[in-house]
Amino acid sequence: MKSGLRCWIDLGLAGVLVAGLTACRPHRETGQEAASVAGGLPAGAGEILVTPPVPAGTNDLFEDVTAQAGLTNFVQQFCDTRLANIIESDGSGAAVLDYDRDGRMDIYLVNPGPLDGVTHHAPGTKRQPNRLYHNLGNGRFEDVTDKAGVAGAGYGMAAVSADYDNDGYPDLLVITVGKLILYHNRGNGTFEDVTDKAGLTEKGTGIGAVFFDYDNDGKLDLFVANYLTFDPNYSLYFNPEGYPGPLSYKAEFNVLYHNKGDGTFEDVSQAAGIRLEGHRAMSVCSYDFNQDGYEDIYLCNDATPNVMLLNDGHGHFHDVAEKVGVAFNALGEAAGSMTASVGDCNNDLIPDILVSRLGYGSLYMGATNGVYTDRMVASGLGQLTAEFTGWGSNFLDFDNDGALDIFIANGDAHHLVGWESLLLENTGGGNYINAREKGGAFFAAKLRARGNVLLDYDNDGRMDVLVTAIGDRPFLLHNRCPNGNHWLTLDLTGTKSNRDGFGAKITLTAAGKKYYAEARCLTAFLGQSDRRLHFGLGAATSVEKLEIHWPSGTVQTLTNVPADQILKVKES
């Protein structure tokens, strides 16, 4: 290959560089433009290699099964020679959904592609498609992108899924720079682009979104998190090793769309009070912070304080982040926040918030008085994470012992340099230790990681992980934890409430121990995890009591529920 370009092709991933990239092939020595493994660079640009399979040791809890699973024709298309600007640095993510309602979680991967003014791609570079993979139920996936009609367009960043029209099939929203794409699920394995018809006219630099029912009318509304208006001509910056930061560019307003129930949405941002000046969102999540029955919004922002938008139940929101202690990190910094994961990590039945940052992260512990305490240092997380830049972070109970552990995808923000991902084990009460040795070989691999989403793709009750990385293949990590702990997964269907059951509050008791979680659109950095609620139960073989408070006000109680099953519950 010319100018030192080379391809790595493993037999198990041979299709990746053929189908997933613009090109990775020899070219004539005539000065002809050609694409590198990065997916659209001029000849002589350099090399970005695809990570080979990571063999797992015999006792490793997580195994890289990407090739065996058939996710072999996708590599994130990176059209540049380096991380040249703040948009490129963010990468792209993935969403988990059961698009055909067969009970198995499918995967949707988002591609950035070339974008004039942002990437420095070879002339004529074609955008590579997003990919939808259908879960075949035998540990393998099939690419159904073309059949489903969801290849996407533009510079893709993120995706989320929900049944916005309550027809029983999850729909798909793709967030790109300058445009949203709403795919309506027809229920026959295909989707229709209904963006314009639905009234989603947002033109911002979208980076995340969440479906939630803010007014409890049984219809899912949509909050879109926008980043910043990138200016390729900005020149007041003198560091040749980096690029201008977020405060160099104009902030963009976020958008709240109200679901009108007829397949269309209405922009109610101004009336709802969510158009706050000066913030550059990186991600958004929803949950009922003050337990008043209405879902609130938490926004992670880049270089400005994070925002907690409290829902007053009458269609209005106001920011209480500083008041309740979730605006800054423990050092008083508004460091660049990537994403927030919400869960009860100390088992006090109050949700906590984990924030990953470019800088010192936070573990905000909730309390009965509604004020959070940042226990980043006291929990052990400060020392464990300080040397990294954390992007995608998630609570998960990887060993089903009933305590929420943590997975963090790390990557250098300014250079195409790989860092290790982190598996952090909760030893009880929200205190953490490094579980890298238990996790296995993957946690020594240095990746340009960005997003990570959770899913139980084989329905065995152990949470698996999907990681996305810049200019690289995805990483599907199969959880092989053998410890014999028990579990329960809830798959909710609303009737009076929205069909996904988002906003439902679940309390369960197993072996005398109580657990709490909320059904939510489980957003992550640049994507969304498996919407089903997973509980690790430790040694308990059954749940004595399961109580569901639906958004409609209905309370449903089940007793003596056997463990180790995916339990479908329909609102009664």
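The basis for the numbers below is simple: all heavy atoms, side chains too, and nothing from hydrogens, waters or symmetry mates.
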Do the non-hydrogen side-chain atoms of Asp171 and Val194 ever get within less than 4.5 Å of each other? no
Closest approach of Leu132 and Phe191, non-hydrogen atoms and distance? CD2-CE1, 4.2 Å
Arg450 side chain to Ala409 backbone, donor-acceptor under 3.5 Å: no
Going from CG on Leu220 to CG on Asn166, what distance comes out if it is rounded to the nearest 0.5 angstrom? 6.5 Å
Pair Asn306, Tyr298 - check side chain to side chain donor-acceptor pair (under 3.5 Å), show working. CA-CA 8 Å; Asn306 289 350; Tyr298 187 67; 3.1 Å; yes
Is the closest side-chain heavy-atom distance between Asp500 and Phe211 below 4.5 Å? no
With a 3.5 Å distance limit and no angle check, can you tell me whether Ser337 reaches the backbone of Cys300 through a side-chain donor-acceptor pair? no
Taking only residues two or more places apart in sequence, or in another chain, which ones meet Asp460 in a salt bridge (charged side-chain N to carboxylate O under 4.0 Å, His left out)? Arg462
Just grab all the salt bridge (charged side-chain N to carboxylate O under 4.0 Å, His left out) pairs involving residues 315-329, residues at least two apart or on different chains. none
Tell me, do Tyr108 and Val174 make a side-chain contact under 4.5 Å, heavy atoms counted? yes
Taking the side chain from Ser356 and the backbone from Met338, do they hold a donor-acceptor pair closer than 3.5 Å? no
Any side-chain heavy-atom pair of Asp213 and Glu295 under 4.5 Å: no
Applied to residues 365-379, the side-chain hydrogen bond (donor to acceptor under 3.5 Å, both in side chains) test, sequence neighbours excluded, yields Tyr287-Tyr372, Ser362-Asp374
In the structure I gave you, are the side-chain heavy atoms of Leu109 and Leu466 within less than 4.5 Å of one another anywhere? yes
Going by side-chain contact (heavy atoms from CB on, under 4.5 Å), name the residues that satisfy it together with Glu437, two or more places apart in sequence or in a different chain. none
So does Arg480 have more than 12 non-hydrogen atoms from other groups sitting under 6.0 Å from CZ? yes
Side chain to side chain donor-acceptor pair (under 3.5 Å) partners for Glu142, two or more places apart: none
Closest non-hydrogen atom pair between Val210 and Cys521, with its separation: CG2-CB, 3.8 Å
Taking all non-hydrogen atoms of both residues into account, name the closest pair between Ala321 and Met308 and its distance. CB-N, 3.4 Å
How far does CE of Met105 sit from CG of Asn459, to the nearest 0.5 angstrom? 7.0 Å
Do Gln528 and Leu97 come within less than 4.5 Å of each other through their side chains, counting heavy atoms only? no
Atom pair CG/SG of Asp296 and Cys285 - distance to nearest 0.5 Å: 10.0 Å
Could you grab the distance from atom CG of Asp397 to atom SG of Cys345, nearest 0.5 Å is fine? 12.0 Å
For the residue pair Asn185 / Tyr99, report whether a side-chain donor-acceptor contact shorter than 3.5 Å exists. no
Would Asn426 and Phe395 satisfy side-chain contact (heavy atoms from CB on, under 4.5 Å), going step by step from the backbone distance to the final call? CA-CA 10 Å; Asn426 190 338; Phe395 283 125; over 6 Å; no
How would you list, by chain and number, every residue that makes a side chain to side chain donor-acceptor pair (under 3.5 Å) with Asn400, sequence neighbours excluded? His534
Side-chain donor or acceptor of Thr66 paired with backbone N/O of Leu476 under 3.5 Å: yes
Is a donor from one side chain sitting under 3.5 angstrom from an acceptor on the other, for Asn485 and Asp399? no
Does Ile107 form a side-chain contact (heavy atoms from CB on, under 4.5 Å) with Tyr457? I'd like the steps, not just the answer. CA-CA 9 Å; Ile107 292 172; Tyr457 78 89; 5.7 Å; no
Where do Asn290 and Val324 land on the side-chain contact (heavy atoms from CB on, under 4.5 Å) test, with the steps shown first? CA-CA 10 Å; Asn290 61 347; Val324 304; over 6 Å; no
Within the 6.0 Å centroid threshold, strictly below: Tyr169 and His184: no
Intermediate values then yes/no, ring pair (Phe, Tyr, Trp, His ring centres under 6.0 Å), Tyr294 and Phe212: CA-CA 10 Å; Tyr294 292 93; Phe212 73 129; over 10 Å; no
Given the side-chain rings of Phe265 and Tyr164, with only the six-membered ring counted for Trp, is the space between their centroids under 6.0 Å? yes
Where do Val110 and Ala159 come nearest, in terms of heavy atoms and distance? CG2-CB, 3.8 Å
State whether Asp491 and Arg532 are salt-bridged, where the test is any N-O pair (Lys NZ or Arg NE/NH1/NH2 against Asp/Glu carboxylate O) under 4.0 Å. no
Check the surroundings of atom NZ in Lys514: do more than 12 heavy atoms from other residues, nucleotides or ligands lie under 6.0 Å from it? no
Given 3.5 Å as the limit, does a donor-acceptor pair link the side chain of Thr557 with the main chain of Glu547, or not? no
Can any side-chain N or O of Thr495 pair as donor or acceptor with the backbone N or O of Glu571 at less than 3.5 Å? yes
What is the distance from atom OH of Tyr364 to atom CG of Leu354, rounded to the nearest 0.5 Å? 10.5 Å
Does Phe398 offer a backbone N or O that forms a donor-acceptor pair with the side chain of Asn479 under 3.5 Å? yes
Less than 6.0 Å separating the ring centroids of Phe328 and Tyr360? no
Quick check: does any side chain N or O of Arg104 sit under 3.5 Å from a backbone N or O of Asn135, one acting as donor and the other as acceptor? yes
In this structure, NE2 of His318 is separated from CD1 of Ile274 (nearest 0.5 Å) by 15.0 Å
Taking the side chain as everything from C-beta on, heavy atoms only, tell me whether Leu477 gets closer than 4.5 Å to Asp64. yes
Which residue is it: Lys505, Gln291, His549? I am looking for the one with a side-chain hydrogen bond (donor to acceptor under 3.5 Å, both in side chains) to Glu518. Gln291
Intermediate values then yes/no, side-chain contact (heavy atoms from CB on, under 4.5 Å), Val224 and Asn226: CA-CA 6 Å; Val224 179; Asn226 286 323; 3.9 Å; yes
Phe62 and Met463 have their tightest heavy-atom pair at CE2-O, 3.8 Å
Are the side chains of Tyr214 and Val268 in contact, using a 4.5 Å heavy-atom criterion? yes
Closest approach of Ala504 and Leu492, non-hydrogen atoms and distance? CB-CD1, 4.0 Å
Is it the case that the side chain of Asn394 and the backbone of Phe407 share a donor-acceptor pair, with hydrogens and angles ignored and the cut-off at 3.5 Å? no
Would you check if the side chain of Thr509 reaches a backbone N or O of Glu544 as a donor-acceptor pair within less than 3.5 Å? no
